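Here is the structure we will look at, set down as structure tokens.
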Number of protein chains: 4
Amino acid sequence: MANKPAPDASRRSERSRRAIFDAALALVGEVGYDKLTIEGIAARAGVGKQTIYRWWPSKAAVLLDAFGSVVEEYDQVGLPDTGDLAADLKTVLRATADEFNDAAWQAPYRALAAAGANDEELSRTFVGRLMEPGTRVYVDRLRAAQEAGELDPDIDLRIGAEMLLSPFSQRWLMRTGELTHAFVDTLVDQVLRGLRPRD
Amino acid sequence: MANKPAPDASRRSERSRRAIFDAALALVGEVGYDKLTIEGIAARAGVGKQTIYRWWPSKAAVLLDAFGSVVEEYDQVGLPDTGDLAADLKTVLRATADEFNDAAWQAPYRALAAAGANDEELSRTFVGRLMEPGTRVYVDRLRAAQEAGELDPDIDLRIGAEMLLSPFSQRWLMRTGELTHAFVDTLVDQVLRGLRPRD
Amino acid sequence: MANKPAPDASRRSERSRRAIFDAALALVGEVGYDKLTIEGIAARAGVGKQTIYRWWPSKAAVLLDAFGSVVEEYDQVGLPDTGDLAADLKTVLRATADEFNDAAWQAPYRALAAAGANDEELSRTFVGRLMEPGTRVYVDRLRAAQEAGELDPDIDLRIGAEMLLSPFSQRWLMRTGELTHAFVDTLVDQVLRGLRPRD
Amino acid sequence: MANKPAPDASRRSERSRRAIFDAALALVGEVGYDKLTIEGIAARAGVGKQTIYRWWPSKAAVLLDAFGSVVEEYDQVGLPDTGDLAADLKTVLRATADEFNDAAWQAPYRALAAAGANDEELSRTFVGRLMEPGTRVYVDRLRAAQEAGELDPDIDLRIGAEMLLSPFSQRWLMRTGELTHAFVDTLVDQVLRGLRPRD
DNA sequence: TAATAACCGAGACGGTACGTCGTGTCTTTAA
DNA sequence: TTAAAGACACGACGTACCGTCTCGGTTATTA
């Protein structure tokens, strides 16, 4: 069954791993995902191609690990809870909008989202590792609001979070609209109107 | 400046054009977008490579045309308007969910969405030609409801439509969840609660 | 059966063919056969690797063709026949010895002889194309002498030629001795003693 | 100057040495010299690569040692001397022909002869260790005959031996002809005619 | 009605990258 | 302390496609 000899992870060169991540992120920003090549990453990292192939199955997997290792440092301790749900959401989503408009994030994120669309295996990892944790903090914040009686107890919070986040992501990914602060504010307002308790 | 000789479209072989579309759609379903090649399309279509390069700049463009020519046949008679907005939306979105779960649609649609993420030019065309018209019929239906007093007059209808469609597309594209009828129903309900007139 | 698509020889680029020959011969002289690579030949010739793989199965085959195309220009109109067999043989073998001591010939010839030892298919071509014609002119000259009564009519002329040529080639190929004029003279004398008519 | 750490030969593992020889000989027979690799030998021998690199500079050197250790067991008890030189030579050469037609000998012998053609250093060792001793016994036997008055006293015995052995080796190495008993007999007769005393 | 363009199928070409294999060096683990 | 195991940087392998470029051979106007 195990048709790959399974390399010995304990002997792995941390130096090379880091250099590969740096090279991959730098290159995807410089030349774009389509022109990102394993050969190019190896050359930039000063590493043999085999060292990449030994540990990752594809350039998408390399990029996912590289980007993941960066993103996870940033990763959220949760959303603020000032008691004003709408304000809290607007604050965070405005900041996120700014972040998504930053070129350094665009290339790898877009690349991974795109690669995931055509590769189910990859998309499971991408979603599980990078998107799901982000979504969860929104669900958690909504739950806190629900428990505080600010949201209707019958609401599906997961879908509520998606109503907030998906229009946001979609606009960015497909370039169907700008991620302005005005957009964020209107979105939060219209979504929350649907989630609040009925009179 | 005119660095492309601009082929004479009137002499174009309709036979070849069709064969290329058929080949592209068949192949993207069989081998996936990443392994779809111009050479492969040409061979399958019984066509010289140059015939493809003469008329399209990339495999994405070929696929977009091919898929577009299929999709546009199906397209837009508008949404039903029975007077019951929620029911109308559920009906159509349930049908769309079934369609998106159909394997024949998946490959080319995913491929184009993905290709668009990394290619701004392509994504403009993709969105403008295939996604925007679909969104517009929802906006139109919402506007009709708004004019009938079923929706709050201050609502941003474009964002309203996105609240409905983006969670739907996102789940499918990123495989973050199933497109079930139950999901569709809950989504419609929670969205419409936010759009209806305040008491 | 024919599992190779068989390239269309009529469209072949003569320019590339020549450039490949030149590059192969130059490189084998510069770096030796073991470090001769298809990639190196392609680069030096300004040619794609595939252009080499399309027409030849191995670097040995390329070199054989390249060397063959050079050698065949030189190729013998036959041995001199002054009536004095021993003198004729000495003249020609001395010249050949000088030629074999020339560095330009050494590399490709040695390389092909060596490659042939491990590759039966190749050695058949090498022998048939480059060695056999050379041997034949000796057999022909011996036959003329035999018909003139200078050699015993019962002699096996092919073996006679081998007695002359093999010690010569062997010394050179295996470096078991120098190819001096003195060696040539003694060899011719001792061989001819064995071939002349018995009293 | 001493740029190699010079491993301590006294601590050397005899077990590994043998295993490496066995593996090298087995593999050269199975896959041929070109596909013989150090890695392959190490794996087959159950030995680390470094153990090979520590003691030999190349795969040719390993094979030479391996083959040498086998050949030297067989070696040289000298040629028979029944008083009938022609008969003695025919006997031995016929036996040698049979031996050369044996597949087990072919691969390593051919491989080494070929490798030697392109590697002067190696060829000196190959010739000195494996070929020269074989030639010498012929020279010795011819000298005995010369001293017994069966051969002309002015004959160059080394060249005489080459007239006998080179056509033989050459036929085999370059596959220019079969090593039949008939060939051996004719060769011996024609050579000896040239070496015998003149009337 | 011939000539003269174009598109067309075909596929060779110079290239780039693929993913694999072997080289020779170096380090880690276990006897 | 030595040897197995094997990760590493490197370089070449032989293959697949890229996009460009002829090559005949149909069409399908234009002279």
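In what follows, every heavy atom counts, from backbone to side chain, and hydrogens, waters and symmetry copies are set aside. Every chain is numbered from 1 and lettered A, B, ... according to where its sequence line falls, protein lines coming before strand lines. Note that the structure is predicted; figures quoted are calculated from it, not measured.
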Next on the checklist: I need the C:Arg175 CZ to D:Leu122 CG distance, nearest 0.5 Å.
Outcome noted: 9.0 Å
Item to check | C:Ile41 side, atom CD1; C:Arg44 side, atom CZ - distance, nearest 0.5 Å | outcome: 10.5 Å
Taking only the side-chain nitrogens and oxygens of [X], find out if one of them lies under 4.0 Å from OP1 or OP2 of [N].
X: B:Ser16; N: E:dG9; value: yes
X: C:Thr37; N: F:dG11; value: no
X: B:Arg12; N: E:dC7; value: no
X: B:Arg11; N: F:dA28; value: no
X: A:Ser10; N: F:dA7; value: no
X: A:Trp55; N: F:dC8; value: yes

Could you give the [atom1]-to-[atom2] distance, from [X] to [N], as a whole number of Å?
X: C:Glu14; N: E:dC13; atom1: CD; atom2: P; answer: 11 Å
X: A:Ile41; N: E:dA17; atom1: CD1; atom2: P; answer: 12 Å
X: D:Ile38; N: E:dG24; atom1: CD1; atom2: C1'; answer: 9 Å
X: C:Asp34; N: E:dG22; atom1: CG; atom2: C1'; answer: 14 Å
X: D:Leu36; N: E:dC21; atom1: CG; atom2: P; answer: 17 Å
X: C:Ile52; N: F:dT15; atom1: CD1; atom2: C1'; answer: 15 Å
X: A:Lys35; N: E:dC18; atom1: NZ; atom2: P; answer: 14 Å
X: B:Arg15; N: F:dT27; atom1: CZ; atom2: C1'; answer: 14 Å

Checklist entry - Quick one: on DNA chain E, does A:Glu39 or B:Gly48 contact a more 5' nucleotide (nearest heavy atom)? => result B:Gly48
Checklist entry - For D:Gly40 and B:Val47, take the nucleotide of DNA chain E holding the closest heavy atom to each; which residue's nucleotide lies nearer the 5' end? => result B:Val47
Checklist entry - If you look at every heavy atom in A:Leu25 and A:Leu63, which pair is closest and at what distance? => result CD2-CD1, 4.1 Å
Checklist entry - Across the strands shown, which category fits C:Gly46 at heavy-atom distances under 4.0 angstrom: base, sugar-phosphate, nothing? => result sugar-phosphate
Which nucleotide, [options], lies nearest any side-chain atom of [X]?
X: D:Thr51; options: E:dC8, F:dA7, F:dA4; result: F:dA4
X: C:Gln50; options: F:dC18, E:dG15, E:dA17; result: E:dG15
X: D:Tyr53; options: E:dT23, F:dC18, E:dC18; result: E:dT23

Next on the checklist: Would the base of E:dG14 count as contacting C:Lys49 through its side chain, where contact means a donor and an acceptor less than 3.5 Å apart?
Outcome noted: no
Next on the checklist: Taking the ring of D:Tyr109 and the ring of D:Tyr33, is the distance between their centroids below 6.0 Å?
Outcome noted: no
Checklist entry - Regarding C:Arg12 and the six-membered ring of C:Trp56, is the cationic atom NZ or CZ under 6.0 Å from the ring centre and inside 45° of its axis? => result yes
Checklist entry - Distance only, no hydrogens: is a donor on one side chain within 3.5 Å (strictly under) of an acceptor on the other, for D:Gln106 and D:Arg110? => result yes
